[in-house]
Each structure stands twice: as C-alpha cells, then as structure tokens.
> 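Please read through the structure below; I'll follow up with questions.
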Amino acid sequence: MKRPIIAPSILSADFSDLTKTFKLLNESEAEWIHLDIMDGNFVPNISFGMPIIKSLRKLTDKVFDAHLMIEQPERYIHNFKLIGVDVLTVHYETQIHLNRTVELIKKIGMKAGVALNPHTPVNLLKDIINELDLVLIMSVNPGFSGQKFIENTYNKIVEAKSLIARSGSKALIQVDGGVTEQNAPKIVDSGADVLVAASYIFHHDNPLQAIRNLKKTQ
Ligand code: DX5
Ligand code: ZN
C-alpha cells in the first residue's frame, strides 16, 4: 500500500515549547506541518495567526500547510505567502468567488487547497477540480482537535478519488480530524494521500513512533 504524506497539526502541541515540538517534527518522517488558523467566526474557536507562523518558519524547512478556518480568507492570501506558507487551503463554505481565490493563491506561488465540511458534498468541486492542488476532506466538524472521526468520510474520499481520476486532476486528497493508527489504513485505502493528525500524535507517549505508525498504515 502507498505511504501517505503525514501532516502533524500543531494544534495539540505544547504551545509553551514550540521549539521542542519543531525539533521533534524535524527528526520525524512527517513531510508537512499543518497549521490550523481559526477566527472565532467561521468556527467557534480562535487559534493563532501570522506572527506565530512567521516565527515558526525559522524552525523548519518542512512544507507549511495552512488550513484557513476563517471568513473571507481571500483578504489574507498575500500575507500567508509572505510569511512562508507553501500550501494554502480555504473552506468551500466561505467562498463566493472560489475560482478567483484559487487563481490568486497559485499565481503568487503557493499550492491551492479547498476544504469541505462534513456536510458539503464532494461533487460541488466538479467544475474546479482541475485547478486544485489539494482537496481537504474534513472528517470532524472544524474548530477543535480531539474529536471523533465521522464514518461517512470514507465514502467522500472514494468520491473525491473518482472525481480526480475522471477529470485528470492532479489534486491530492487530505483527510483531517480524528485520524489515528486504527483508521489510517482504511483512510489511505479509500484514496487519501495526506493524513493530518493532532491529538493522536501529540498525546502519544512517543510522537515520533505515532508518526511512523500513521505512515506505515498496513
Ligand atoms: C480541526 C482541525 C484539525 C485538528 C485535528 O478543526 O482542522 O486539523 O487539529 O485534530 P485531531 O487530529 O485531534 O482530530
Ligand atoms: Zn486542519
């Protein structure tokens, strides 16, 4: 079975010692680092923003994968590029002019992702799938780490995989929320390319081993 890209979300890390967290991530098999940005409007929680990301950029060369859970994310696209974000994902539910937003993200040199809430159907991406670098399928309701994986996600991953295959799109499928070593094999088997995990990794006795467990999948 193919080995997924692992994108640890630092949302469950110890924010009083992020230098230590990044030292660990640099030693790990994780290729990406997932940054969950929340504004207290689109989701009922507030996380962290640009100054923190800018500082963290000095601590690693790994891919910065920013998941924007904010209203009107298009207002900040240039800012995220300036502070070193590589993959920028906006939520489908926040967009009126999704095509324009995706075009801008790519034009200024980032990869463009679109995230779907658990209730948002995959087929809504039909007319933009060829423009996307990433489809983020939320497997929990966004806003918090430590929630339970929603089982219907497997169907959505299969649908996304089929949409991508039919259209010839090169988009990767990312799954975010409630990912553990128990469900990772089935998630990858369904078609996921990138696994995000926060609590499974950072609440594990051995986060490096937790990352290896997710990579192994079978
Ligand atoms: C949830 C975030 C996730 C979250 C995942 O809104 O988008 O990235 O950090 O946390 P776990 O892996 O604990 O479900
Ligand atoms: Zn996320």
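Values below: every heavy atom of this structure, side chains too, minus hydrogens, waters and symmetry copies. Please read all numbers here as calculations on a predicted model, not as lab measurements. All ligand and atom numbering here is 1-based and tracks the order in the structure.
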> Go through ligand 1 atom by atom and flag the ones less than 4.0 Å from a non-hydrogen atom of V196.
8 (O)
> In plain terms, say whether D17 and K23 are close enough for a salt bridge, that is, a side-chain N and a carboxylate O under 4.0 Å apart.
no
> Can you name the N, O or S atom of D36 that is closest to the Zn ion (ligand 2)?
OD1
> Closer than 4.0 Å to some heavy atom of G177 - which atoms of ligand 1 meet that?
14 (O)
> Side-chain contact, heavy-atom cut-off 4.5 Å: F64 with L56?
yes
> Can you check whether H67 has an N/O within less than 3.5 Å of an N/O in ligand 1?
yes
> Suppose we measure from atom 2 (C) of ligand 1 to each protein heavy atom; which comes out shortest, and what is that distance?
D36 OD1, 3.4 Å
> Taking only heavy atoms of A197 into account, list the atoms of ligand 1 that are under 4.0 Å away from them.
12 (O)
> Is it true that R3 and E29 make a salt bridge, defined as a side-chain N closer than 4.0 Å to a carboxylate O?
yes
> Looking at atom 14 (O) of ligand 1, what's its closest protein heavy atom, distance included?
G178 N, 2.7 Å
> Is there a polar contact, in the sense of an N or O pair closer than 3.5 Å, between S145 and ligand 1?
no
> As an exercise, identify every atom of ligand 1 less than 4.0 angstrom from a heavy atom of P142.
6 (O)
> Indicate, with yes or no, if the rings of F149 and Y154 have centres closer together than 6.0 Å.
yes
> Any N or O on G146 sitting closer than 3.5 Å to an N or O of ligand 1?
yes
> Do G143 and ligand 1 have an N or O pair less than 3.5 Å apart?
yes
> Considering only N, O or S atoms, which atom of H67 is nearest to the Zn ion (ligand 2)?
ND1
> Within a strict 4.5 Å, meaning less than it, do heavy atoms of the V85 and M110 side chains meet?
yes
> Just one of I201, V140, I187 clears the side-chain contact (heavy atoms from CB on, under 4.5 Å) bar with V179, so which one?
I187
> Find all atoms of ligand 1 within a distance of less than 4.0 Å from any non-hydrogen atom belonging to M69, and give their numbers and elements.
6 (O), 7 (O)
> Tell me which one of D65, I10, V63 satisfies side-chain contact (heavy atoms from CB on, under 4.5 Å) with I33.
I10
> Can you find a side-chain donor-acceptor pair between D36 and S9 that sits under 3.5 Å?
yes
> Might you confirm whether atom NZ of K111 has over 12 heavy atoms from other residues, nucleotides or ligands at distances under 6.0 Å?
no
> Looking only at non-hydrogen atoms, find the nearest pair between T180 and Y200 and report the distance.
CA-CG, 3.9 Å
> Looking at ligand 1, is there an atom of it that comes within less than 4.0 Å of some heavy atom belonging to F144?
yes
> Below 3.5 angstrom, do we get any N/O pair linking A198 and ligand 1?
yes
> I'd like to check L98 versus V90 (side-chain heavy atoms, cut-off strictly below 4.5 Å). Are they in contact?
yes
> Write out the residue and atom name of the closest protein heavy atom to atom 5 (C) of ligand 1, then the distance separating them to 0.1 Å.
D176 OD1, 3.5 Å
> Please find the N/O/S atom of D176 nearest to the Zn ion (ligand 2) and write down its name.
OD2
> With heavy atoms of S199 as the reference, note each atom of ligand 1 found under 4.0 Å away.
11 (P), 12 (O), 13 (O)
> What atoms of ligand 1 come closer than 4.0 angstrom to any heavy atom of H34?
8 (O)
> Looking only at heavy atoms, what is the nearest atom pair of K106 and A112, with distance?
CG-CB, 3.8 Å
> Show me which atoms of ligand 1 lie under 4.0 Å from any heavy atom of L11.
9 (O)
> Any side-chain donor-acceptor pair under 3.5 Å between T120 and E93?
yes
> Before signing off on this row, confirm whether S9 and ligand 1 have an N or O atom pair separated by under 3.5 Å.
yes
